[in-house]
Amino acid sequence: MPKTDPKSLPSAYDHEAAQAKWYPIWEERGYFHADPQPVLQGKKKPYSIVIPPPNVTGALHLGHALNNTLQDILCRRKRMQGYEVLWMPGTDHAGIATQAVVERRLLAEEGKSRHDLGREGLVERIWKWKDQYEERITGQLKQLGCSCDWERQRFTLDEVCARAVRETFFKLFSDGKVYRGKRLVNWDTFLQTAVSDDEVFHEEVKGHFWSFHYPVIDPRPGEPATVTIATTRPETMLGDTAVAVHPDPAGQLDKVEAELTEKLAAAPAKERAPIEKQLETLAERRKTHLPKLEKLRDMAERGVMLKLPLTDREIPLITDEWAKPELGSGCVKITPAHDANDYEVWQRNDPIGAINILNPDGTLNDSVPEKYRGLSMKDARKAVVADLAEGGFHDPEADVADRLIDLAHSDRSKTPIEPYLADQWFVKMGDRFVSSEGTYQWAKHAHEPVPVDADKGPPARALREGGLAQSAMDSVERGEVGVVPPRYAKTYLDWLGEKRDWPVGRQLWWGHRIPVWTKRFDGKAERDAAIEEAGELCRMDWERDEQVSYNCREWDPDTFIGVSYMCLREDEPELISAIEAAGYVRDEEVLDTWFSSALWPFSTMGWPEETDLLKAFYPTSVLCTSRDIITLWVARMVLMGKYLLGEVPFPQVYIHPKILDGFGETMSKSKGNGVDPLDVIEQFGADALRFGIAYLTTETQDVRLPVEFVCPHCSANLKQTKKNRVLPRIDCPECGEAFRTQWAEKPEDLALPRGPVTSERFELGRNFCNKLWNASRFALTNLEGFSASNSQLATPDSQLKLEDRWLLSRLGTVTEQVSSALDDYRFADAARALYDFAWNEFCSFYVEMTKARFAEEGPDKQVAQAVLAHGLDVLLRLLHPMAPFLTEEVWSLLNEVAPVRGLPEPAEAVESVCVAQWPRAQSGAEGISPRSVEIEDQFAKFQAVLGAVREVRQAQKIPPKEPLQFTVKCDATTANLLEPMQPYFTQMARATATDLGPEAASPEIAATKPIAGFESAIEVHVDIAQFIDVEAEKKRLAKEQAQLTKYIAGVRGKLSNEKFVANAPAEVVEGEKGRLAEAEQNLAAVEAALAKL
RNA sequence: GGGCGCGUAGCUCAGUUGGUUAGAGCGCUUGCUUGACAUGCAAGAGGUCGCAGAUUCGAGUUCUGCCGUGCCCACCA
């Protein structure tokens, strides 16, 4: 291979070239491929991470860049530490989001709906989209430099994952942890589909608040004959199954009053009026409403029924805390099938039942009286209100008109959402009920709790215990899974503690189809036949000698109406046809995306097969994710890992910060404040992006990134504001030319050149990379003629100069800092340590000092070369996880001039920094020049003296080229130390020390700078006879004097405080005394200098 | 309403168990062009650490309350 001439290297780091060059080479050489064999043979320790799979439809944004950069930093370092590393990549099929995107495109581009294509057609279409999107995501990750094992890439809907999903569902079903229940969903009557909470937006609309009377059946004398209820949705009254009143209205009013009083006492004057008004209203209510409510409560406890107007139904008056005596009439109608709160009331008061009055298209169904059937909700409302008024059930005076109502709308169709009670598959999160009435077990495949003691009825209210959720809680509580930072454990535990059952079905086509077949039966005869039939189907299964099917039955014990379910472990055609021939119908729904995500740490490794991969790499080493999916994803992975493999999927969860925009808001495409990492990579380079991210990733804070557009015409940066951030086109105020943004949609906008969105905060990373690049160029140029023998340092102490030992010591310290920071996921600390060391020490001092040594051939030059090569080598290794491309590029160039380097040097060149050993804290210096606080401290003296001279030059406005002379009054040790640094004072400050030591005289006309912070005083006196600006020097000294005086007064005060001297630790007191003495000495020097001027 | 954060220099942020004269980057001011780097070098200005109390010899750091701000969850018949 021809050698590169270091002098021909460009003066700016070419990130584009390095990125294009190295990634393919890394892949080709298989650096990222994980081999289970060395682990299984005990030769290497495993380290594994599964990627949080990005949604296939989404292009990656900066949040992903952060998430993946951090994982890559961890993986690359572990690889260098000799672990066999598996970083498992993949994508998520993201059911709803993906289907929605593809459906939208289908409609926009072809004018077709999903019904035009049919289930299979649509799914096939989505698969095609998926390949395209996935490729883009993969490409973005590669551009970022992510060292994923691409040969093992998975997709949550691929065959391997599907197998795991089927096995899991089958096991849950067989264990009786799956049941069929009712659940309220957000029903989009236009699209006739359920939409997730995320796809619902709330909009205030003007509404009307009606009051109606429901007649009481057979009231006793003195009791109210009607119950008044208020509602914004009168049409739902057709589905009412109860009216509720609070069980203790007086108590509740007391409680509300007490709260208000407390609030009033604490409220500032201007806020008092409305609270006082509320209190008045409350007092008024006690008179007007309370007696009636208490009567109603008694009636409810007696079991009084009400006549539901417009229907022939009777509904109970019940007590429930949901009814707020301080609001409305104090009573509330209960429509469990069409309101989330009423649904909860139903859960607490099981016998009242629920009536679904809607057809999927949003019209009223057969459960309502004939005259309303088929009406839309809107028409039904008019009819119901009119009929109630006609029947005398309406109380118009109590109505509230023009009330603003927060109404849920579907994000996709923009039509109002109807809460709709749908059959759902649930996974049980708890397995026991415990209440004051006793302990209850879950019935198998049913959601009703059954008492352990058969005499008791179901409990009214109970805590759930045990089960899947509990096992996941235990894992965190016992420390099997550690959460970093620990405060996030609370989110996890609180959520799991509710033990809410997991509704796992989704009314979609894109996803893992639920492997259950259903058959209804009606009556005893049909039921018995179904049981027999199921038995036969199972025998057919047994012949296959594997458990391929399972069945269960549910029925009403009185009527024998029920359903029989068959769950198949695999899609075996023969069994399916047998089952379907028997009248079983396959479930239409698919599983929640999180169901397959929950299996991700092991489904990706081939579970349920006992693969080598699984044996070698499960459990994984850490999960790295953002806080918003702690519940949805992390908790469920732990739960499933414990349930299916008996082992937690990861011993640690690292929760990283989120990236926010300049206004502190989460970045998202819909807000228009998102930044495309490719824009940043293009402008600043992947290394700059990565380093910048690491530098910003602190523990407590989210990362705020003020965002700006870059004009493609004139490169002007335009701050993004709340106003311009969603504009499709912007006219550049600098050059007047227009450009388009990522939100351009119209053809005329799309024709304009695109203005990328970036953040100037990545300049730090770019500048740093460039700094390192140039330091490397310097080193490469000056390592000409370097040979391995040059680096042999047989008698190091005699040959190493102070700066060599200093650098070697510092390398050890920095290695230690970076290592421990990365061990604790303190990425910012690691990045800062490297930044400061590389820039302020390696470049500003060591490289500067070697310039003087390279000027002359000889052993000193050779030592400098050896140390420089070694220093750069260690720096590249430490920096590689954060800046892989830059470090690899420089590594390869360094290999050309100094293939064998380091102290002690390896036997041969290491071909890539990817596979180089991570430095040990003592490594470079080990056995030759150990880490030494003394050396670092000594060197700091030199740095301080140099700084003093430079400061005087600036203060006196002495031109940089003008030579200076100075003396240093210091103890003999310091003088001996400084003496050999003479060439560097010349080199770095154009100054010569004419006298050093305890007796050093100050020049006749001098600027004086005392140096604080060392055990003995150091005074620097710069000869300024030729240049003097007396006023400037006086000013400078006066400032020093003021500072010192103030400081001395402070310390004296402290020391004269007897309590301080008595209570503070001796070392603190001693420290103060020492500093006081030093400050006093410095002050004396300053005052002497002032007097002399 | 519940939970979790954050408020330190003009901006974005560090600040380990309380103990030197509170730091960095950007921006700003001043001075520097020929050999690593103007994506740079040298120096400087800029902070009563949101407010008020408490604990302590000592508080940016601990506690309480308030103000401001953000995120998550629940909810508004």
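Residue numbering restarts at 1 for every chain, and letters A, B, ... go by the order of the sequence lines.
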A.B. asks: State the CG-OH distance between A/Asn1082 and A/Tyr1047, to the nearest 0.5 angstrom.
C.D. replies: 10.5 Å
A.B. asks: Can we say A/Lys658 and A/Asp628 salt-bridge, meaning some charged N sits less than 4.0 Å from an Asp/Glu carboxylate O?
C.D. replies: yes
A.B. asks: With rounding to whole Å, what would you report as the distance between B/G7 and B/C51 at their P atoms?
C.D. replies: 13 Å
A.B. asks: Considering only B/A42, B/G31, B/G3, which nucleotide approaches the side chain of A/Ser844 most closely?
C.D. replies: B/A42
A.B. asks: Please give the distance between the P atoms of B/G58 and B/C67 as a whole number of Å.
C.D. replies: 29 Å
A.B. asks: Measure from the side-chain heavy atoms of A/Asn767 and tell me the nearest of B/C57, B/A77, B/U39.
C.D. replies: B/U39
A.B. asks: Measure from the side chain of A/Thr698, starting at C-beta and using heavy atoms only, and say which of B/C13, B/A77, B/A36 lies closest.
C.D. replies: B/C13
A.B. asks: C1' atom, B/G2 versus B/U62: distance in rounded Å?
C.D. replies: 25 Å
A.B. asks: Looking at B/U39, I'd like to know if its phosphate oxygens (OP1 or OP2) sit under 4.0 Å from a side-chain N or O belonging to A/Trp839.
C.D. replies: no
A.B. asks: Should the pair A/Arg1052-A/Glu1080 be classified as a salt bridge under the 4.0 Å nitrogen-to-oxygen rule?
C.D. replies: yes
A.B. asks: Quick test of your reading of the model: are A/Glu962 and A/Arg990 salt-bridged, counting only N-O distances below 4.0 Å?
C.D. replies: no
A.B. asks: Taking A/His213 for its side chain and A/Val227 for its backbone only, find out whether a donor-acceptor pair lies under 3.5 Å.
C.D. replies: no
A.B. asks: If we take the P atom in both B/C57 and B/A52, what is their distance in whole Å?
C.D. replies: 23 Å
A.B. asks: Please give the distance between the P atoms of B/C71 and B/U64 as a whole number of Å.
C.D. replies: 25 Å
A.B. asks: When you measure from the side chain of A/Glu760, which nucleotide among B/C26, B/G25, B/A42 comes out closest?
C.D. replies: B/C26
A.B. asks: Which is it for A/Lys333 and A/Thr335 under the side-chain hydrogen bond (donor to acceptor under 3.5 Å, both in side chains) test, yes or no, and what are the steps along the way?
C.D. replies: CA-CA 7 Å; A/Lys333 67 194 238 358; A/Thr335 321; 3.0 Å; yes
A.B. asks: If you check every side-chain atom of A/Glu951, which of B/A36, B/A42, B/A43 has the closest atom?
C.D. replies: B/A43
A.B. asks: Output the rounded distance in Å from CZ (A/Arg627) to C1' (B/C73).
C.D. replies: 13 Å
A.B. asks: Between A/Asp5 and A/Lys7 (salt bridge meaning N to carboxylate O under 4.0 Å), is one present in this structure?
C.D. replies: no
A.B. asks: Go through B/G31, B/A14, B/A36 for me and flag the one nearest to the A/Arg832 side chain.
C.D. replies: B/A14
A.B. asks: Does A/Arg953 reach the main-chain N or O of A/Ala989 with its side chain, forming a donor-acceptor pair under 3.5 Å?
C.D. replies: yes
A.B. asks: RNA chain B: A/Arg761 or A/Asn1082, which has the more 5' nearest nucleotide?
C.D. replies: A/Arg761
A.B. asks: Within this structure, what is the OH-to-P distance between A/Tyr695 and B/G25, rounded to whole angstrom?
C.D. replies: 7 Å
A.B. asks: What's the NZ-P distance between A/Lys1073 and B/U20, to the nearest Å?
C.D. replies: 18 Å
A.B. asks: Go through RNA chain B and write down every stem, that is, every run of at least three consecutive Watson-Crick or G-U wobble pairs with distances under 3.5 Å, as range with range.
C.D. replies: B:1-7 with B:67-73, B:10-13 with B:23-26, B:28-32 with B:40-44, B:50-54 with B:62-66
A.B. asks: Please give, in whole Å, the distance from B/U29 C1' to A/Lys957 NZ?
C.D. replies: 10 Å
A.B. asks: Contacts to RNA chain B from residues 1062-1069 of chain A, heavy-atom cutoff under 4.0 Å, which residues?
C.D. replies: A/Asn1063, A/Ala1064, A/Pro1065, A/Val1068
A.B. asks: Could you give the distance separating B/G5 and B/A42 at their C1' atoms, to the nearest angstrom?
C.D. replies: 41 Å
A.B. asks: Are the charged groups of A/Arg1075 and A/Glu1078 less than 4.0 angstrom apart, N to O?
C.D. replies: no
A.B. asks: Using the P atom in both, what is the distance from B/G23 to B/C4, to the nearest Å?
C.D. replies: 33 Å
A.B. asks: Between A/Tyr13 and A/Asn774, does a side-chain hydrogen bond (donor to acceptor under 3.5 Å, both in side chains) hold up when you go through it step by step?
C.D. replies: CA-CA 8 Å; A/Tyr13 167 54; A/Asn774 278 294; over 6 Å; no
A.B. asks: Starting at CZ of A/Arg704 and ending at P of B/G70, how long is that distance when rounded to a whole Å?
C.D. replies: 9 Å
A.B. asks: Can you measure A/Glu1078 atom CD to B/U21 atom C1' for me and round it to whole angstrom units?
C.D. replies: 11 Å
A.B. asks: Would you say A/Tyr1047 stacks on B/U21, if stacking means ring centres under 5.5 Å apart and planes within less than 30 degrees?
C.D. replies: yes
A.B. asks: Over how many whole Å does the gap from A/Leu764 atom CG to B/U39 atom P extend?
C.D. replies: 15 Å
A.B. asks: Counting side-chain heavy atoms from C-beta on, which of B/G3, B/U21, B/C37 comes nearest to A/Val1051?
C.D. replies: B/U21
A.B. asks: Output yes when A/Glu1040 and A/Lys1009 qualify as a salt bridge under the 4.0 Å nitrogen-oxygen rule, no when they do not.
C.D. replies: yes
A.B. asks: With no angle test and no hydrogens, is the base of B/A43 tied to the side chain of A/Gln956 by a donor-acceptor pair under 3.5 Å?
C.D. replies: no
A.B. asks: Counting only side-chain heavy atoms from C-beta out, which of B/U12, B/A42, B/C57 sits nearest to A/Gln954?
C.D. replies: B/A42
A.B. asks: Measure CG/A/Asp494 against P/B/C72 and give the value in whole Å, please.
C.D. replies: 17 Å
A.B. asks: In whole angstrom, give me the gap between the C1' atoms of B/U48 and B/A9.
C.D. replies: 14 Å
A.B. asks: With a 4.0 Å cut-off on heavy atoms, is A/Asn1057 in touch with a base, just the backbone sugar-phosphate, or nothing at all?
C.D. replies: sugar-phosphate
A.B. asks: Tell me if a side-chain donor or acceptor on A/Thr236 pairs with a main-chain N or O of A/Arg233 at a distance below 3.5 Å.
C.D. replies: yes
A.B. asks: Is there a donor-acceptor pair closer than 3.5 Å between any side-chain N or O of A/His15 and the backbone N or O of A/Glu682?
C.D. replies: yes
A.B. asks: On RNA chain B, nearest-nucleotide positions of A/Arg1075 versus A/Arg233: which is more 5'?
C.D. replies: A/Arg1075
A.B. asks: For A/Glu1070, which contact category applies under a 4.0 Å heavy-atom criterion: base, sugar-phosphate, or nothing?
C.D. replies: nothing
A.B. asks: Can you tell me which nucleotide in B/G40, B/A14, B/A24 comes closest to the side chain of A/Lys771?
C.D. replies: B/G40
A.B. asks: Is any side-chain N or O of A/Lys658 closer than 4.0 Å to OP1 or OP2 of B/C71?
C.D. replies: no
A.B. asks: Taking the side chain of A/Arg777 as heavy atoms from C-beta outward, which of B/C37, B/G40, B/A77 is closest to it?
C.D. replies: B/C37
A.B. asks: Counting the atoms with a prime plus P, OP1 and OP2 as sugar-phosphate, which does A/Lys851 contact under 4.0 Å by heavy atoms, base, sugar-phosphate, or nothing?
C.D. replies: base
